[in-house]
Amino acid sequence: MESQTGPGDRHVKRVVLPSGKTIEVVYLGEDGAAPAPERAADLHVCLHCDSALAYPVDWEEAGKDSWSVVIRCPECEHIREGVFGQTVVEAFDEKLDEGAEALMADYRRLLRANMAEETERFAHALLAGAIVPEDF
């Protein structure tokens, strides 16, 4: 990564991506400073309705140790935008991972329950003679 100061109140950082492409991140502010990060412990909690289901819609680097994040609440549709420190965003990311794991566990349980029910129905239909070779 390479940094340089641009004209006016811009600060430009060049980032080389793993693909080899180079992008420029432009920071606007006094003396090239990034916006000050907000302090927020639980970004997954909606500020409007207290739902614990808020998730990021978009996020991008906003400074050396901060991120600009757009957060949406699926329950009240509230949109929150802010700049947050690296540790706050990392905690948010961990909450998102925990939520994804919980969803996958619930999905697997539901899938097994549905398959067991379907298998039982099929077995009962076979025993009742409701399914014959001509059905296939």
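Computed from heavy atoms alone, side chains included, the values below leave out hydrogens, waters and symmetry copies.
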(request) Using the side chain to side chain contact (heavy atoms under 4.5 Å, CB included) rule, take Val57 and Ile71 through it: C-alpha gap first, then chi angles, then the decisive distance, then the call. (result) CA-CA 6 Å; Val57 176; Ile71 302 166; over 6 Å; no

(request) Using the side chain to side chain contact (heavy atoms under 4.5 Å, CB included) rule, take Trp59 and Asp93 through it: C-alpha gap first, then chi angles, then the decisive distance, then the call. (result) CA-CA 11 Å; Trp59 54 15; Asp93 195 36; 4.0 Å; yes

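For Glu90, the side chain to side chain donor-acceptor pair (under 3.5 Å) partners two or more places apart in sequence, or in a different chain, are Gln86. Listed by chain and residue number, Asp106 satisfy the side chain to side chain donor-acceptor pair (under 3.5 Å) test with Arg109 (two or more places apart in sequence, or in another chain).
Cluster annotation: Leu103 is not connected to Leu96 through the hydrophobic network of ILVMFWY side chains, with a link wherever side-chain heavy atoms come within less than 4.5 Å.
In this structure, the side chains of Cys73 and Cys49 come closer than 4.5 Å at one or more pairs of heavy atoms. Residues Ile131 and Phe136 form a side-chain contact, since some pair of their non-hydrogen atoms from C-beta on lies under 4.5 Å apart. Residues Pro56 and Val70 fail the side-chain proximity criterion, which asks for heavy atoms closer than 4.5 Å. The side-chain heavy atoms of Phe92 and Val88, taken from C-beta on, include no pair separated by under 4.5 Å. The closest side-chain heavy-atom distance from Arg72 to Glu77 is below 4.5 Å.
Contact detail for Pro74 and Leu53: the closest heavy-atom pair is CD-O, 3.4 Å. Contact record, Glu60 with Trp67: C-CE3, 3.3 Å, taken as the closest heavy-atom pair. In terms of heavy-atom proximity, Val45 sits nearest to Arg80 at O-NH1, 4.3 Å. The minimum heavy-atom distance linking Ala62 with Ser68 is given by the pair CB-N, 3.6 Å. Nearest heavy atom pair, residue Ala54 against residue Leu43, reads CB-O, 3.8 Å.
Put simply, CG on Asp58 and CD on Glu81 are 9.0 Å apart, with the number rounded to the nearest 0.5 Å. Atom CD of residue Glu120 and atom CE of residue Met115 lie 13.5 Å apart, to the nearest 0.5 angstrom.
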